[in-house]
*Asks:* 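Handing you this structure, nothing more for now.
By convention in this document, chain letters (A, B, ...) are assigned in the order of the sequence lines, proteins followed by strands, and residues within each chain are numbered from 1.
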Number of protein chains: 2
Amino acid sequence: MPESEHSEIRKLPLFRDMSDENFEILMRGSYVQTFPPLVEIVSEGEPSDFLHIVLSGSVSLYATWNERETSMTTVRPVSTFIIAASIKDAPYLMSAETLEKSRIVLVPSQDVRTVFEQDPQFARAVVTELAENYRLLVKTTKNLKLRASLERLANYILRQQKRAGGANEFDLSIRKRRLASFLGMTPESLSRAFKNLRDHGVSSKGGRVTIFDQQALEEFAHPNPLIDD
Amino acid sequence: MPESEHSEIRKLPLFRDMSDENFEILMRGSYVQTFPPLVEIVSEGEPSDFLHIVLSGSVSLYATWNERETSMTTVRPVSTFIIAASIKDAPYLMSAETLEKSRIVLVPSQDVRTVFEQDPQFARAVVTELAENYRLLVKTTKNLKLRASLERLANYILRQQKRAGGANEFDLSIRKRRLASFLGMTPESLSRAFKNLRDHGVSSKGGRVTIFDQQALEEFAHPNPLIDD
DNA sequence: CGTAGTATTGAACAACATCAACAGCTGTGG
DNA sequence: CCACAGCTGTTGATGTTGTTCAATACTACG
């Protein structure tokens, strides 16, 4: 792997505080690969041979059962995914596919576990990462169980607004089809949900969203730091 | 805290491998408390001052939003809960209440973080615990998003059967009201779901379930190790 | 016993999914 | 550059699933 990419990875919270020596051990066995769009790079149920790091592009994590499929999350640069499976040496619970052309680092899980044993700083960073991911999933579950689909969409839009810088007009950043699956509904329902949100201060055209009444939207959405932040 | 309880806690995977010295540090600041049934011992949004360990009884973890409430999980002896919040020093995302009279150990989060920094064995155990909890929650999310409520109930019954030893008749172990909330439906819907499962080999009377056609149930439920184990 | 919570049932309704048709956009090859 | 294929998104009609509300049984426990 080119040295130039090391520095980018090194800046991640997960690798920031570990020793140079151990970082090099991790990087030595790793390699960068560039994938075209829509390639499945991880398959549910398979042994977790690598920890993945997205350097550019984006990756969808999804899961399947009984011919059905649901989008779990989208991973954007620069961050890692499937660390729990790597650490536990257990099968992947989700599949991953590139949404666009993406550069991805593959770090052998075995090396992750070895360094994890040797480097207390790294171990601590892993815990922080896992704890954060865990809390995110708790929020996801609360979102799913406590809110109806229209409320989930309303809150998603508010979150996306924040992510996009806070302006009252911004892009969705993922296709509606995938957003529907992420929010736990069908594309048709999502389409209708967008129309219903007109009554609560939101209009949309294509992938572009305009919040024309921020207050109305927030009153309807009831965003909550224990679910949305 | 009486020494006698130390040994029980010491056996937990989380504390098994750490040094005596550090274990004592954790126990020194801890205390056991016995709570009556239906007492709220942790409240969503509050700072996470303690890691909790259930020694006896049982505890429900639940979450609320906008006047609604949902059951997230039930914690039984001997295990811990809310470790992610303790480690991150972040607010609780769930509330906890005793379901019955319960003995609970309260370990100051500050001590957990201190020992975590000093004891690599403990750090590793924390990671394992977190990774396991994370994976459980991924499964929960898949269950919620990929399955209809009747399918969730069918799979729940199969899991409960396993937990109860595998016999074709067993107890539900939680009240139906709470089970409904845990499965993401109303009590009325659960009641109807039980009736519908008669067509798939299950009958129930009160809190007692009988699987009179195991094959039919499994064919309907499609249990899957990546969701149910 | 009586009371309070818990579960069941029925009827009406709302939310959401499904199916089918079509509109809009994008990229490709003639 | 246009025609067309392929995909995404929208819309309408319809059906299913699940909720709500209200009434009634059931159970446990004082």
*Asks:* Does either side chain, that of E40(B) or that of S95(B), offer a donor lying less than 3.5 Å from an acceptor on the other one?
*Replies:* no
*Asks:* I need the CZ-C1' distance between R178(A) and dT8(D), as an integer number of Å.
*Replies:*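 In whole Å, dT8(D) C1' lies 12 Å from R178(A) CZ.
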*Asks:* Between dG5(C) atom C1' and L99(B) atom CG, what is the distance in whole Å?
*Replies:*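 To the nearest whole Å, that distance equals 15 Å.
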*Asks:* Identify the pairs formed between an N or O of the protein and an N or O of nucleotides 22-27 of chain C at a distance under 3.5 Å, and give each distance.
*Replies:*
none

*Asks:* What does the inter-axis angle of the helix from dC1(C)-dG30(D) to dG30(C)-dC1(D) come out as, five pairs per end, nearest 10 degrees?
*Replies:* 30°
*Asks:* Which ring pair (Phe, Tyr, Trp, His ring centres under 6.0 Å) pairs, counting each pair once, include a residue from residues 54-79 of chain B, with sequence neighbours left out?
*Replies:*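 Every candidate ring pair (Phe, Tyr, Trp, His ring centres under 6.0 Å) pair involving residues 54-79 of chain B fails, so no pair, neighbours aside, qualifies.
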*Asks:* Just to be sure I understand the geometry, which residues of residues 143-155 of chain A put a non-hydrogen atom under 4.0 Å away from DNA chain C?
*Replies:*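 Within residues 143-155 of chain A, the residues near DNA chain C are A148(A), S149(A).
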*Asks:* How would nucleotides 24-30 of chain D be written as a contact map, 5' to 3', with B for base contact, S for sugar-phosphate-only contact and - for no contact, using protein heavy atoms under 4.0 Å?
*Replies:* -------
*Asks:* Might you work through the side-chain contact (heavy atoms from CB on, under 4.5 Å) test for M94(B) and T73(B), ending with a clear yes or no?
*Replies:* CA-CA 10 Å; M94(B) 299 181 272; T73(B) 187; 5.6 Å; no
*Asks:* Pull out every residue in residues 183-201 of chain B that has a heavy atom closer than 4.0 Å to any atom of DNA chain C, ordered by number, or say none.
*Replies:*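 DNA chain C contact set from residues 183-201 of chain B: E188(B), S191(B), R192(B), K195(B).
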*Asks:* Just jot down the side-chain contact (heavy atoms from CB on, under 4.5 Å) partners of S203(B), sequence neighbours excluded, or say none.
*Replies:*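 Partners of S203(B) under the side-chain contact (heavy atoms from CB on, under 4.5 Å) test: R198(B), T210(B), F212(B).
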*Asks:* Please name all residues satisfying ring pair (Phe, Tyr, Trp, His ring centres under 6.0 Å) with F220(A), sequence neighbours left out, ordered by chain then number.
*Replies:*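 Counting only residues at least two positions away or on another chain, F220(A) forms a ring pair (Phe, Tyr, Trp, His ring centres under 6.0 Å) with H200(A).
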*Asks:* For R175(B), does the CZ atom sit with more than 12 other heavy atoms under 6.0 Å from it, leaving out its own atoms?
*Replies:* no
*Asks:* Of the non-hydrogen atoms in N155(A) and P223(A), which two are nearest, and what is the gap between them?
*Replies:* OD1-CA, 3.2 Å
*Asks:* Does the ring of Y134(B) carry K88(A) above it, NZ/CZ under 6.0 angstrom from centre and within 45° of its axis?
*Replies:*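 Pair K88(A)/Y134(B) does not count as cation-pi.
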*Asks:* I'd like a table of donor-acceptor pairs (distance under 3.5 Å, sequence neighbours excluded) in which one partner is a side-chain atom from residues 164-172 of chain A, with atom names and distances.
*Replies:*
from: E169(A); atom 1: OE2; to: R208(A); atom 2: NE; distance (Å): 2.9
from: D171(A); atom 1: OD1; to: R208(A); atom 2: NH1; distance (Å): 2.8
from: D171(A); atom 1: OD2; to: R208(A); atom 2: NH1; distance (Å): 3.4

*Asks:* State plainly whether the residues R178(A) and E97(A) are in salt-bridge range, i.e. N to O under 4.0 Å.
*Replies:* yes
*Asks:* Who pairs with S191(A) by side-chain contact (heavy atoms from CB on, under 4.5 Å), at least two apart in sequence or on another chain?
*Replies:*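 Once residues adjacent in sequence are excluded, S191(A) has no partner under the side-chain contact (heavy atoms from CB on, under 4.5 Å) criterion.
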*Asks:* Using a strict cut-off of less than 4.0 Å between a Lys/Arg side-chain nitrogen and an Asp/Glu carboxylate oxygen, indicate whether E44(A) and K142(B) qualify as a salt bridge.
*Replies:* yes
*Asks:* List for me each residue that meets ring pair (Phe, Tyr, Trp, His ring centres under 6.0 Å) alongside F81(A), sequence neighbours excluded, and say none if there are none.
*Replies:* H52(A)
*Asks:* Any ion pair linking R68(B) and E151(A) (charged N to carboxylate O, less than 4.0 Å)?
*Replies:*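 Between R68(B) and E151(A) there is a salt bridge, with a charged N closer than 4.0 Å to a carboxylate O.
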*Asks:* Could you pull out all residues at least two apart from D213(B) that satisfy salt bridge (charged side-chain N to carboxylate O under 4.0 Å, His left out)?
*Replies:*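 With sequence neighbours excluded, D213(B) shows a salt bridge (charged side-chain N to carboxylate O under 4.0 Å, His left out) to no residue whatsoever.
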